[in-house]
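These numbers were taken from a predicted model, which means no experiment stands behind them. Chain identifiers are assigned alphabetically (A, B, ...) following the order of the sequence lines, protein sequences preceding nucleic acid strands; residue numbering begins at 1 within each chain.
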Amino acid sequence: MDFSYSEEQQMLQDSVSKFISTEYDWDSRQAIAKSETGFSADHWQLFAELGWLTVPFKEDDGGFGGSAVDLIVTMEEFGKGLLVEPFLANTILAGTLIAEAGSSEQKTELLTPLMEGNVQLAFAYAEPQSRYELANIQCNAVINGDEIVLNGHKAVVLNGAAAEKILVSVRTSGDACDREGVSLLWVDANSAGIRRESYASVDGQRAADIWFDNVTLPTSNLLGDVGEAIDVIEMTIDRAALAICAEAVGAMQMSLFKTVEYSKIRKQFNTTLSTFQALQHRMANMFIEVEQAKSILLMAAMEMDRLDGKAPKALSAAKSRIGKAARLVGEESIQIHGGIGVTDELDVGHYFKRLTAIQFSFGSTDYHTARFAAS
Amino acid sequence: MNIDFSADELAFQQEVSTFLAEEFPEEIRNKTANSIELGKDDYVNWQKILAKKGWAATNWPVEHGGTGWTPTQKYIFGNECAKAGAPEVMAFGLKMVAPVIYIYGNEEQKQRFLPDILASNVWWCQGYSEPNAGSDLASLKTTAVREGDEYVVNGTKTWTTLGQHADWIFCLVRTGAADVKNQNAISFLLIDMKTPGINVSPIYLLDGSPEVNEVHFDNVRVPAENLIGEEGKGWTYAKVLLTHERTNIAGVTDSKNRLKDLKEKAAKTSDGMPGSHSMLSDNHAWQQKVAELEIELLALEYTELKTLAAVSTGKAPGPESSILKIKGTEIQQTIDILNVEMAGYYGLPFVRDQFMDGFDGVPIGPDQAAASAPIYFNNRKATIYGGSNEIQTNIICKAVLGL
């Protein structure tokens, strides 16, 4: 039994942590979030140079290793800095699909430039009616010879505006919620018939709704076997869920830390907030939540790396528990800060926003509790 | 990063499991499985079997007859015992007073007391709490006044668990200054329960059991040689003892067993909803509660493993272990109430007899359903004893968060 990181993981953590503490202070982060693209192209290049964009991939694919523990090491540090660069959408969502389902030609065409920081990708899977049911797909792709015609509407696509190439889950056969008949393809974002409406999300990141109107593309843009994509999509979404669980753990630690520090300086009734037991116990409860969240995150990451088929249940346990912790820590941080906590100016409210977004992404807390119970 | 045991540890786990299968008495196993209260003899018999194997004192150093196990071995042993339904050893002798004796006692005291504790020849009880000193233990008032070679002890100790069986009691007493808050006036004294002037009266708990007692001391004359260490240092010794007492405080394996049992029974119990004809285990609200509980337990298991991993590398168990106490007891109590909920009407019958040793009638209700409410009532103690959960929360505030 050993809960320590490997030497490589330790170096990775140090490297990300150093970037966040030296290059990603609060004002810089806010300036980037409010910029036109919502992320820094310079930072993205730096991430590529430092090798961070290879973290989710196996060595055979030119990656860092691709273990779930590698992933949480990185994401936890990103969570501390509330990073807005589209790491998740590019490397974990789009990247995992390409690495798992793509042919070697497709890996060369898409994965290599992704790891080099030369292309922006996104994965469009959710639809207005689907919520968390990944097979609930109305986006329809008709295959005619070596050509595909794509129609439909994808909802809240992370990095949907900046993406140059978009991976799309589509229905090639069967009824709306059938697991059979789900296929995966990629499309150039500038193709005729694509309309994108982009917006900021509540947590300072960027997303878009995307409409496909008779978009034509070659069948060589299909990833994996036709109609058989649901398993790889589910696995990818679970990995993304693990990633944001780790991000939440990082964000919660910072939110707790900032709250505790603030309570030691803020004076009311001639004494600091930290002297009131009503507030002390709330902060202790936040600490317990963070520790339980850290523990179950490690459990889920180790279970994912075991590859023994128990990963979905373990992930659901983690997402459920961490969602509960994220809600408590986010809300309590605001409450203990008082009025200043609900201003846009202070960072603590933005941790709260990201923690809220995490709770409802890739399956809500209740969704994962129910999935845990059913598995 | 991995949570696998080493080959040696796996071999050890196998050894423990084989030993339990062969040596743990069927009679005690049946009692535990059927919610029958264990008596003094059950504990003593089992502890003597452990002593014969050399496994009674898992936390003692080898020189005094302990096992010298690593933290991981102790963890494995505790787990395997819980899996087998074997009770933990009575803590008062083996885990509480013994470390104080072998760390702070003199050579004569070690010779005199340790062998009988190791062999479970003597039953010890704890004399800390008093009617007006609960969580605020340092405000205790029992006095021990030195007269020649003796201390004269007066006062009342309370919540003395199974004190009715005890041969000896270890007490925190006030020597010297009458300043009630002064922790430097507290001493650690060993007292023979047969000494004239001691009177034990039972306190009946919500489940009807006389599990705890009041112990009254009326001019009890105790030889001065029974003082451990120095006068006025008792508080320090007791605190050291408390940090020794943090192993298995989370009760993870026991809760896992109980949760498994709960789920099995829920699959055989109607959910009672009009027209549903389905089992409780299929009821959405029930599933949600059980799943949340199971997930919390899973998180706690890894919190415990993290603590264990830290202790294994030589770090002292930090104030984080307060989490184990808080979460462990909350989970136990949640299982308690879910059992009551599952019992439905059969949570109502209060028939203590059928959970006593030797009952030979026909039990009321199915599957020990009638034990559920008494267990729930009794175990409200868990968040109160051992430093209440609010005290544990204070420890986190002070020692971890610096508040």
Side-chain angles (χ1 to χ4, degrees), chain A residues 1-6 9 67-69 72-73 256-257 259-261 263-264 272-277 279-289 291-303 305-306 314 316-322 324-325 365-366 368-374, chain B residues 1-6 9 70-72 75-76 263 281-310 312-313 319-327 330-331 389-390 392-403:
Chain A
M1 187 168 40
D2 177 14
F3 281 80
S4 59
Y5 293 146
S6 69
Q9 286 163 346
S67 82
V69 176
I72 65 169
V73 168
L256 170 63
F257 172 76
T259 303
V260 168
E261 291 310 298
S263 80
K264 290 176 184 170
T272 58
L273 297 184
S274 62
T275 60
F276 298 113
Q277 198 175 45
L279 300 186
Q280 288 178 347
H281 281 203
R282 294 175 92 137
M283 288 185 269
N285 285 339
M286 290 164 71
F287 169 76
I288 293 172
E289 289 294 297
E291 289 302 307
Q292 289 285 81
K294 279 184 190 169
S295 298
I296 209 152
L297 175 68
L298 294 177
M299 183 282 296
M302 286 191 265
E303 208 57 70
D305 284 338
R306 275 173 184 267
S316 279
K319 185 70 171 58
S320 165
R321 186 62 188 84
I322 290 169
K324 190 175 149 196
T365 306
D366 283 352
H368 280 287
T369 310
R371 199 177 85 163
F372 176 86
Chain B
M1 185 174 295
N2 70 79
I3 52 150
D4 305 320
F5 290 132
S6 69
E9 286 161 351
T70 64
T72 306
Y75 173 81
I76 290 170
K263 288 168 82 175
S281 55
D282 299 320
N283 179 286
H284 180 73
W286 174 266
Q287 282 181 347
Q288 179 90 7
K289 283 189 282 195
V290 172
E292 282 175 5
L293 175 67
E294 197 172 347
I295 289 169
E296 195 68 52
L297 184 55
L298 199 50
L300 185 66
E301 183 181 1
Y302 275 73
T303 300
E304 187 180 45
L305 289 171
K306 275 193 311 190
T307 311
L308 176 65
S312 297
T313 59
E320 288 85 353
S321 61
S322 291
I323 298 174
L324 302 179
K325 161 73 183 3
I326 294 171
K327 281 290 161 193
E330 284 177 0
I331 287 167
N389 286 22
E390 286 68 32
Q392 302 299 332
T393 307
N394 285 345
I395 291 172
I396 290 172
C397 291
K398 207 170 163 180
V400 182
L401 302 178
L403 298 173

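Scanning both residues, A/Ala317 and B/Leu298, for their nearest heavy atoms gives CB-CD2, 3.8 Å. Of all heavy-atom pairs spanning B/Ala309 and A/Phe3, the tightest one is CB-CD1, 3.6 Å. Nearest heavy atoms, A/His281 versus B/Glu390: CE1-O, 3.8 Å. Heavy atoms only, all atoms of each residue included: A/Tyr5 and B/Met1 are closest at CE2-CE, 3.4 Å. Considering all non-hydrogen atoms of both residues, B/Ile295 and A/Ser320 come closest at CD1-OG, 3.6 Å.
Contact annotation for B/Thr313: neither backbone nor side-chain heavy atoms come within less than 4.5 Å of a heavy atom of chain A. With a threshold of 4.5 angstrom between heavy atoms, A/Glu261 does not approach chain B through any atom at all. Both the backbone and the side chain of A/Thr369 come within less than 4.5 Å of a heavy atom of chain B. If you measure heavy-atom distances from B/Glu296 to chain A, the contacts under 4.5 Å come from both the backbone and the side chain. Of the two parts of A/Phe372, only the side chain, counted from C-beta on, holds a non-hydrogen atom closer than 4.5 Å to a non-hydrogen atom of chain B.
For the set B/Thr393, B/Leu308, B/Val290, B/Asn2, the count of heavy-atom pairs under 4.5 angstrom toward chain A peaks at B/Asn2. For the set B/Ser312, B/Ala310, B/Ala299, the entry with the most heavy-atom pairs within less than 4.5 Å of chain A is B/Ala299. Interface summary for chain B: among A/Ala293, A/Ser67, A/Ala284, the most heavy-atom pairs under 4.5 angstrom belong to A/Ala284.
When each of A/Gln292, A/Met299, A/Lys294 is paired with B/Thr303, the side chain to side chain contact (heavy atoms under 4.5 Å, CB included) condition holds for A/Gln292 and for no other.
For B/Asn389, the side-chain contact (heavy atoms from CB on, under 4.5 Å) test picks out B/Lys325, B/Ile326, B/Thr329, B/Glu330, B/Thr383, with sequence neighbours left out. Applying the side-chain hydrogen bond (donor to acceptor under 3.5 Å, both in side chains) test to A/Ser274 and every residue at least two apart in sequence or in another chain returns A/Thr272. With sequence neighbours excluded, the residues forming a side-chain hydrogen bond (donor to acceptor under 3.5 Å, both in side chains) with B/Lys263 are B/Glu294, listed by chain and number.
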Exercise. Under the side-chain hydrogen bond (donor to acceptor under 3.5 Å, both in side chains) criterion, do A/Gln280 and B/Asn394 qualify, and how do the steps go?
Worked result: CA-CA 8 Å; A/Gln280 288 178 347; B/Asn394 285 345; over 6 Å; no
Problem set entry | Working for side-chain contact (heavy atoms from CB on, under 4.5 Å), residues A/Glu291 and B/Leu300 | CA-CA 9 Å; A/Glu291 289 302 307; B/Leu300 185 66; over 6 Å; no
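Side-chain contact between A/Phe287 and B/Ile323 is present, with at least one heavy-atom pair separated by less than 4.5 Å. Between B/Asp4 and A/Met1 there is no side-chain heavy-atom pair separated by less than 4.5 Å.
Residues of residues 396-403 of chain B that come closer than 4.5 Å to chain A, counting heavy atoms only, are B/Ile396, B/Cys397, B/Val400, B/Leu401, B/Gly402, B/Leu403, ordered by residue number.
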